[in-house]
Amino acid sequence: MGRVTRIVIVGGGPGGYESALVAAQLGAEVTVVERDGVGGAAVLTDCVPSKTLIATAEVMTNFADSHQELGIYVDDGTPGTLDRPKVGVDLDVVNKRVLELAQAQSVDIANGLRRAGVDLLRGSGRLDGPRRVVAELEDGTTETLEADAILISTGATPRVLPGAVPDGERILDWKQVYGLTELPRELIVVGSGVTGAEFAGAYQALGSKVTLVSSRDRVLPGEDPDAAEVLESVFKRRGMRVMGRSRAERVERLGDSVIVHLADGQTLEGSHCLMAVGAVPNTQGIGLEESGVFLKDSGHVRVDRVSRTTANGVYAAGDCTGVFALASVAAMQGRIAMYHMLGDAVSPLDLKAVASNVFTDPEIATCGYSQAAIDSGEIDAHTVKMPLSRNPRAKMQGIHDGFVKLFCRPGTGIVVGGVVVAPRASELIHAVSLAVDLHLTVDQVANAFTVYPSLSGSLAEAARRLHRRDRV
Ligand SMILES: Cc1cc2nc3c(=O)[nH]c(=O)nc-3n(C[C@H](O)[C@H](O)[C@H](O)COP(=O)(O)OP(=O)(O)OC[C@H]3O[C@@H](n4cnc5c(N)ncnc54)[C@H](O)[C@@H]3O)c2cc1C
């Protein structure tokens, strides 16, 4: 039997902990060095907390949006009053739940890793050449770890604009919002990418008056344009102020207020400002370039499709690589790295089948090739778009916004992508994801039974619409 492979993982987020589990299963000796807590930013401050907050927002939206149409009222002793219901949230309770849930998940993951035989070190790791990690531990001691291979999965940190430095009270980044004990009266969200849109929608649902500042023409500039249009119109209908083509230059705190100075000279006043202007990779000062790991101008680690960096034996996964800022992609990159370094069967990363979701209301889920790729001629595909307003279940549930789109190759009819804009689109997209991954044709998708009535019926209907006589 050969010698056991020693693997050191720096960073214990999804990129790191999922890899550790796979490597331990394959018989490697694994050590994870993690600075802030196992689960990483995904579990402690980003993905898990935001989706837990959004769970409360979702209940609020469902109630506020449908109470009149579905005939529900708050029974406060005056039956029949169908005015806007007086339902509120206690943000202190919500945030306590968010933080407890995140902490519990981190503990669960740490226990799972220990059970799998992984060594966990709490501290900060840096490379000392491509085969050694030096860990500065929490207790002030230093440990030097020799490794046959190293995985860097150090994640990213919110970008800070020089004129808008968060103070943790009124000017906040997305990690600091869970410290709020009272709902912001007037929240200005700077940045209309996925994070900005999710928080703007959530706080609006919780009861804040929200202004969303977008430097681009519309919200969610990186997403399907039809989906972004639906979301922006829903946001506006619910009373959100959406400022397009407005660049925030500076944010100033004045007592209990914040003033956002826009590039065109306008100012916006609110009680709080949330900065959501992207993230920078955690790759500086940890010995990467000195050990032969090439960093791009953006600071991201350059990796190939099996997660190798330019230094032999050093791999990287997750947000520090800038490949696709999703927990699922980080985990996949990490697992691929382990399969490759341990000589197991490995398929290179395939981004064409990634499913992702924007957790707004409605949700926006996408998979496979995008509308932009089709419009630019990157791929030749037929498209169909079915509004949900025609779906019987949607009518019964009072759902008026949203659609499903399906894309297939001309000739073969193989499904290459799709978009779902609907409540819980994150669940509905799985059918598209399976079709893309398994190269199913639109006819195969159309022939599978769906429940009547169901929102997924619209996916089957879209597939049926793409059945073309010239292929028969
Ligand atoms: C608000 C928000 C919501 C999101 N929601 C979703 C979602 O719903 N679904 C989804 O798929 N993705 C979501 N994402 C993206 C997702 O959180 C990231 O893609 C994911 O966290 C990347 O995982 P990672 O392992 O690369 O890094 P991280 O999760 O950032 O973990 C890296 C860890 O490494 C530690 N570290 C850094 N440097 C060192 C060092 N030198 N030594 C030791 N430890 C170190 C960090 O402290 C951190 O704990 C969201 C992101 C944000 C900002």
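Just so you know, ligand 1 is whichever comes first in the structure, and atom 1 is the first atom listed for that ligand.
- The two residues V133 and G125 have their closest heavy-atom pair at CG1-CA, 4.3 Å.
- Residue W174 has no N or O atom closer than 3.5 Å to an N or O atom of ligand 1.
- For atom 15 (C) of ligand 1, the closest heavy atom belonging to the protein is A325 O, 3.5 Å.
- At least one donor-acceptor pair closer than 3.5 Å links the side chain of Q204 to the backbone N or O of R238.
- Residue P14 touches ligand 1 through backbone and side chain together, judged by heavy-atom distances below 4.0 Å.
- For atom 25 (O) of ligand 1, the closest non-hydrogen atom on the protein side is G15 N, 2.9 Å.
- Below 3.5 Å of separation, one finds an N or O of K51 facing an N or O of ligand 1.
- Of all protein heavy atoms, the one lying nearest to atom 31 (O) of ligand 1 is G13 CA, 3.4 Å.
- For ligand 1, the atoms lying closer than 4.0 Å to a non-hydrogen atom of G155 are 26 (O), 27 (O), 30 (O), 32 (C).
- A side-chain donor-acceptor contact under 3.5 Å links Q176 to the backbone of D173.
- Side-chain contact between L349 and M332: present, with at least one pair of heavy atoms (C-beta onward) separated by less than 4.5 Å.
- Considering only heavy atoms from C-beta on, I188 comes within 4.5 Å of V213 through its side chain.
- The proximity of D46 to ligand 1, defined as any non-hydrogen pair under 4.0 Å, involves the side chain as well as the backbone.
- Heavy-atom contacts of D36 reach the following atoms of ligand 1: 47 (O) (cutoff under 4.0 Å).
- Counting heavy atoms from C-beta outward, R237 and D401 have side chains that approach closer than 4.5 Å.
- Taking a 6.0 Å sphere around NZ of K296, one finds it holds more than 12 heavy atoms contributed by other residues, nucleotides or ligands.
- Using modelled atom types, one side-chain atom of R170 and one backbone atom of S271 make a donor-acceptor pair closer than 3.5 Å.
- Of the protein's heavy atoms, A41 CB, 3.2 Å lies nearest to atom 30 (O) of ligand 1.
- Numbered from 1 in the order shown, with element, the atoms of ligand 1 that lie under 4.0 Å from a heavy atom of G40 read 29 (O), 31 (O), 48 (C), 49 (O).
- Closest to atom 13 (C) of ligand 1 among all protein heavy atoms lies C47 SG, 3.7 Å.
- Side-chain contact between I152 and L127 is present, with at least one heavy-atom pair separated by less than 4.5 Å.
- Looking at atom 3 (C) of ligand 1, its nearest protein heavy atom turns out to be S50 OG, 3.5 Å.
- Of the options Q333, E34, R35, the smallest heavy-atom separation from atom 35 (C) of ligand 1 is shown by E34.
- Among P49, S153, G125, the residue whose heavy atom lies nearest to atom 32 (C) of ligand 1 is S153.
- Residue-environment remark: CG (D139) exceeds the threshold of 12 foreign heavy atoms within 6.0 Å.
- Applying the 4.0 Å criterion to heavy atoms of I286 picks out, from ligand 1, the atoms 41 (N).
- For the pair V10 and ligand 1, the shortest N or O to N or O distance does not fall below 3.5 Å.
- Considering backbone and side-chain atoms together, F359 places no N or O closer than 3.5 Å to any N or O of ligand 1.
- The local environment of CZ in R6 is crowded, with over 12 non-hydrogen atoms from other residues, nucleotides or ligands closer than 6.0 Å.
- Residue G318 approaches ligand 1 through these ligand atoms, each under 4.0 Å from one of its heavy atoms: 26 (O).
- The protein heavy-atom contact nearest to atom 26 (O) of ligand 1 is D319 N, 2.8 Å.
- Shortest non-hydrogen contact noted between R159 and A279 is NH2-O, 3.6 Å.
- With a 4.5 Å cut-off on side-chain heavy atoms, L145 and E143 count as touching.
- Scanning the protein heavy atoms around atom 29 (O) of ligand 1, the nearest turns out to be A42 N, 3.0 Å.
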